[in-house]
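One structure is given here, and the rest of the page talks about it.
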There are 2 protein chains.
Amino acid sequence: MARPNQSEERRQELIPVLAKAFADLGYRRATTAALAERCGLRENQLYRLWPSKKAMFLASIDYLFEHTASKWRELLATEDARTPAERILTWEGEHRGETGLHRITFAGLNETNDPEVRDALCRMFQKFHTFITQQVQAQREGAHDAGQPDEMLTAWGIIGLGMMANITQELKLLNRDTQGQMVNEVGLQMLNAKRG
Amino acid sequence: MARPNQSEERRQELIPVLAKAFADLGYRRATTAALAERCGLRENQLYRLWPSKKAMFLASIDYLFEHTASKWRELLATEDARTPAERILTWEGEHRGETGLHRITFAGLNETNDPEVRDALCRMFQKFHTFITQQVQAQREGAHDAGQPDEMLTAWGIIGLGMMANITQELKLLNRDTQGQMVNEVGLQMLNAKRG
DNA sequence: CCCATATGTAAGTATATACTTACATTAATC
DNA sequence: GATTAATGTAAGTATATACTTACATATGGG
């Protein structure tokens with residue numbers, strides 16, 4: 001034998017670079033040439049690590065989800081005057097779109113004809129949804145008002161609010177402050193509101 | 001002169017076909033060959049009517065927005081026990097995604113590097129936002145509660161809810177009934193809620 | 001009928017780009 | 001230090017597809 005195979009380590013190092021490239025450029029404009037250049041490699045070196053561009057894309061989706069989720073877990077662990085759900089909302093309002101996860105999501109939503117891409121997106125949304133549903137339940141602490149939507153539906157609403165915040169950012173429809181205010185105010189309302 | 005030019009009429013006839021093609025296939029898979037075939041034409045005939053594929057795409061965005069907006073105006077005109085806003089929410093909960101506008105939106109969001117596409121999307125979202133803001137204002141009739149987000153922010157939240165409903169549909173994450181329920185319940189909550 | 005323009009048909013081109021191949025060089029293990 | 005797999009370099013290929021060109025045919029107005 002000679003020279004140990006370090007492919008796995010290389011992959012771990014490169015995935016954030018790929019994810020950023022897909023986030024910056026979208027799927028189409030993130031050509032294999034561009035990806036390789038950002039990685040400081042040649043195209044065929046990338047292809048030694050992943051079998052296809054699609055595989056690189058799927059790896060990026062998983063990575064960015066994990067990245068976001070671990071940030072959220074961290075927020076849950078720290079103590080604060082606010083509830084966990086409120087902390088996440090505030091943090092998202094302030095840091096919205098930093099990872100570029102949404103751009104990758106848009107790119108993925110354009111490729112939903114591809115079963116693997118579709119599955120990756122499904123898993124991602126499902127995980128977010130489970131996570132947020134738990135937070136909504138914790139926030140409401142069983143004090144379920146008569147007219148209030150159940151926690152699962154509210155959770156989808158909150159995810160939608162986040163998507164919309166990303167879109168308004170992408171299209172420069174709202175400035176950062178207004179965007180943060182939106183996520184905070186409308187999000188809190190969905191969390192806590194009672195029917196009038 | 002000979003033979004009157006009927007290009008404009010042809011365009012009007014064909015735009016719905018193009019829009020459906022983009023909605024079904026997304027931008028990338030809607031190749032010019034596919035577009036031409038669905039129109040029952042050759043590619044160069046399409047190119048006599050529009051200068052580029054992008055132009056066909058932009059025309060489709062405008063068309064689908066107008067299509068949706070006119071449906072909503074119709075809903076506003078009809079009388080009902082419910083308020084106008086409630087009527088739109090219910091209708092959207094039931095007919096969500098029929099036009100395929102959302103798929104075109106996703107495709108567009110992937111091409112936001114292109115200034116023309118970006119502008120078309122901005123115009124579309126702005127128009128929807130203006131429209132919905134008016135409905136929220138009408139619904140709340142100036143009875144603005146202290147903790148309630150202002151109507152413009154709420155309107156973005158409602159649009160986000162609609163986007164999310166489209167995504168859950170696209171990825172088959174929710175069945176139609178639950179989806180409609182989500183749009184209705186969470187939407188109504190955003191419209192009417194008072195802080196608990 | 002004429003003729004100018006619209007419409008139809010059938011190729012072709014140019015380019016981008018995902019992916020491959022061939023070969024040179026390096027470096028761990030024995 | 002020899003061997004062998006990993007890594008680096010530089011081309012090349014194959015294909016898809018947006019867009020074009022060349023030419024034939026139809027059709028309405030003078």
Side-chain angles (χ1 to χ4, degrees), chain A residues 1-15 17-19 21-61 104 107-108 110-111 113-117 120, chain B residues 1-15 17-19 21-61 104 107-108 110-111 113-117 120:
Chain A
M1 263 162 249
R3 285 191 90 167
N5 189 323
Q6 302 195 331
S7 295
E8 191 49 40
E9 293 83 337
R10 300 290 299 271
R11 271 191 285 267
Q12 294 310 319
E13 282 170 33
L14 293 175
I15 284 178
V17 182
L18 293 177
F22 282 119
D24 288 349
L25 304 169
Y27 191 81
R28 225 186 50 173
R29 300 206 333 159
T31 63
T32 52
L35 294 174
E37 194 187 340
R38 279 170 175 245
C39 290
L41 296 176
R42 311 280 168 148
E43 290 183 59
N44 68 329
Q45 293 177 291
L46 271 186
Y47 277 97
R48 285 186 187 137
L49 298 170
W50 288 276
S52 65
K53 176 176 166 180
K54 194 172 81 183
M56 303 173 207
F57 182 68
L58 294 174
S60 299
I61 293 182
I104 292 195
N110 242 14
E111 305 289 329
N113 300 92
D114 183 297
E116 291 185 74
V117 171
Chain B
M1 266 164 247
R3 283 193 90 169
N5 189 324
Q6 304 196 331
S7 295
E8 191 49 40
E9 292 83 335
R10 298 290 299 272
R11 272 192 284 269
Q12 293 311 318
E13 283 168 30
L14 293 176
I15 284 178
V17 182
L18 293 177
F22 282 119
D24 288 348
L25 303 169
Y27 190 81
R28 224 186 50 174
R29 300 206 334 157
T31 63
T32 51
L35 294 173
E37 194 187 340
R38 279 173 177 244
C39 289
L41 296 177
R42 310 279 168 151
E43 290 182 58
N44 68 328
Q45 292 177 292
L46 271 186
Y47 277 95
R48 292 210 264 249
L49 297 169
W50 288 277
S52 65
K53 178 177 165 180
K54 193 172 81 181
M56 302 173 207
F57 182 67
L58 294 173
S60 298
I61 292 182
I104 291 194
N110 244 11
E111 306 290 328
N113 301 90
D114 184 297
E116 290 186 76
V117 171

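Reminder, nothing fancy here: chain letters follow the sequence lines and each chain counts from 1. Just so you know, these numbers come straight off a predicted model, no measurement behind them.
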B:K54 (side chain) donor-acceptor with B:V117 (main chain) under 3.5 angstrom
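No, because the side chain of B:K54 does not come within donor-acceptor range (under 3.5 Å) of the backbone of B:V117.
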
Just so I know, are the side chains of A:L14 and A:Q45 near enough to count as touching, which here means a heavy-atom distance under 4.5 Å?
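A:L14 vs A:Q45: side chains apart.
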
Does the side chain of B:Y47 reach to within under 4.5 Å of the side chain of B:T32, using non-hydrogen atoms?
yes

Is the phosphate of D:dG8 approached by A:R10 (side-chain N or O, under 4.0 Å from OP1 or OP2)?
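Looking at the OP1 and OP2 atoms of D:dG8, one of them is under 4.0 Å from a side-chain N or O of A:R10.
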
Would one find a side-chain N or O of A:R3 under 4.0 angstrom from OP1 or OP2 of C:dT29?
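False: A:R3 side-chain N/O out of range (4.0 Å or more) of C:dT29 OP1/OP2.
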
Separation of [X] atom [atom1] from [N] atom [atom2], in whole Å?
| X | N | atom1 | atom2 | value |
| --- | --- | --- | --- | --- |
| B:R48 | D:dA18 | CZ | P | 19 Å |
| B:E8 | C:dT7 | CD | C1' | 17 Å |
| A:E9 | D:dT7 | CD | C1' | 14 Å |
| A:Q45 | C:dA24 | CD | P | 17 Å |
| B:Y27 | D:dA16 | OH | C1' | 15 Å |
| A:E37 | C:dA16 | CD | P | 16 Å |
| B:L46 | C:dT9 | CG | P | 14 Å |
| B:F57 | D:dA18 | CZ | P | 13 Å |

The reported gap from CG in B:L49 to CD in B:Q12 (rounded to nearest 0.5 angstrom) is 11.0 Å

Just call it for [X]: base, sugar-phosphate, or nothing, with non-hydrogen atoms closer than 4.0 Å on any strand.
| X | result |
| --- | --- |
| A:T31 | sugar-phosphate |
| B:E43 | base |
| A:R29 | nothing |

What nucleotide, of C:dC19, C:dA22, C:dT7, holds the atom closest to the side chain of B:N5?
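Closest of the options to the side chain of B:N5: C:dT7.
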
Would you call the rings of B:F22 and B:Y27 parallel, tilted or perpendicular, taking 30° and 60° as the class edges?
parallel

Which is more 5' along DNA chain C, the nucleotide nearest A:A33 or the one nearest B:P4? Just name the residue.
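Looking at the nearest nucleotide for each, B:P4 comes out on the 5' side.
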
Assert: residue with more 5' nearest nucleotide on DNA chain D, out of A:L41 and B:N44, is A:L41

